[in-house]
Amino acid sequence: MNRGAIAEINLSAIAHNLVTIKKSVKNRPIIAVVKADAYGHGSVEVSRRLIKEGASFLAVSYTGEAIELRDSGIDAPIIVLFDCEDIEGLFDFNLIPVIHRLATASSLSQLAKKRKTTIKVHIKVDTGMGRLGLWGDRIVEDLLSIADTEGIELVGMMSHFSDADLLDKSYAISQLERFRKIIDAVSRRLKRKVLSHMANSAAVIAFEDAYLDAVRPGLMLYGYSPFQESGDRGQKSPPLSPPLVRGGTRGGINSELRTPNSEFVNLIPAMKVKTRILCVRNLSPGSPVSYGRTFITKRHSKIGVIPVGYADGYNRIFSNNAGVLVKGKRVPVVGRVCMDLTMVDLTEVEDAREGDGVVLLGDQGKEVITAYELAERAKTIPYEILTSLGSRSRKEYIP
């Protein structure tokens, strides 16, 4: 028996979500973010489908993630967002690094000259995220210095929003204004245009001015909106959040920010996480279940044991605080989630037996458990739910 759950990944759903994005951004280049194993969905198969459906670039966090894609035969342009250590790998596998400090540019230049070649790069500008990127009063000068460095070809510039998913977009607007001024200054000095991108999923949905030359969606490729923290139970396509705050104009940027695009209510979640009942036990009233006796039966109860626990990404915070689907019915998790096992109350499902299918995330019959719901229960965000469950589950792909 293999441990844990199975993540069923619907590649047609991912294709649908990409096409929806392409329509909204008027066919600008799509930089598809497939870092963290495509948010737990499996980077190789997901990347193949995204490229087939017209994504222009793939974006990963580290060189190792990119090498995995190259080893699987994917030859599309791959942007490496954070890695500044595996310099050799960037050249060996024809990758596009993002430079966020001058020292990296120097290292790349030295190796490019040694190899008698040129490497294409994007440069990251910190406009207020406070994480990575060129920062301070000399950003333009530093950008131009990198662009003029032997062995380096500047082909892109990027920045990252700190809070583009908040209703108040004032800080996001200030970030975009700052980035635009830098783009304009660099373009004038270079006398050419450089591909500029800043729009994450939230900006794609609700901040059209941030589209620039390309967009960089992540979460929405996998069927979720960053505006929706929790969905209504039983609703396959949870509604988007209320209209965004409106205002005047600033610096030529339209701050009358649009309501989240209605097209995106049709995003389709691509991941279903499922397992099977390992064991069914009939317990008398007053019987404790799992560690610490945090759940004690109050009636004759049928308790199911499923072979998934916190070692499989099913958070311990779901103890007595979540449900799963069995035979199309929602049943509660009871007792503490263990490392390898979780218990559920099957009393209301009369014909439940060992071997029956269990859905931890996704739909079964008319019921559905979304990443929004699990995130709300765990006091986190859907990103963490998807990466935690997906990365630790065996994958099955539906074309």
Query raised in the report: Asp351 and Lys302: salt bridge (Lys or Arg N to Asp or Glu O under 4.0 Å), yes or no, with the steps?
Result: CA-CA 11 Å; Asp351 54 346; Lys302 182 164 59 175; over 6 Å; no

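- Under the side-chain hydrogen bond (donor to acceptor under 3.5 Å, both in side chains) test applied with His197, the options Arg216, Arg28, His160 reduce to a single match, Arg216.
- For Arg131, the CZ atom is densely surrounded, since the number of other residues' heavy atoms within 6.0 Å is greater than 12.
- Hydrophobic clustering, with ILVMFWY side chains joined whenever heavy atoms are under 4.5 angstrom apart, keeps Met220 apart from Leu81.
- For Tyr310 and Tyr314, the distance between ring centers is not under 6.0 angstrom.
- Note that OH of Tyr224 is 13.5 Å distant from CD1 of Ile381, once rounded to the nearest 0.5 Å.
- Counting heavy atoms from C-beta on, the side chains of Met271 and Leu386 come closer than 4.5 Å.
- Between Phe207 and Leu176, some side-chain heavy-atom pair lies under the 4.5 Å cut-off.
- Note: Phe82 CZ to Thr63 OG1 = 12.0 Å, rounded to the nearest 0.5 Å.
- Residues Val204 and Ile21 meet the side-chain proximity criterion, which asks for heavy atoms closer than 4.5 Å.
- Going from atom NZ of Lys52 over to atom OG of Ser47 covers 14.5 Å, rounded to the nearest 0.5 Å.
- In terms of hydrophobic clustering, with Ile, Leu, Val, Met, Phe, Trp and Tyr side chains grouped at heavy-atom distances under 4.5 Å, Leu102 and Ile182 are assigned to a common cluster.
- Residue Lys120 places its NZ atom among 12 or fewer non-hydrogen atoms of other residues, nucleotides or ligands, all under 6.0 Å distant.
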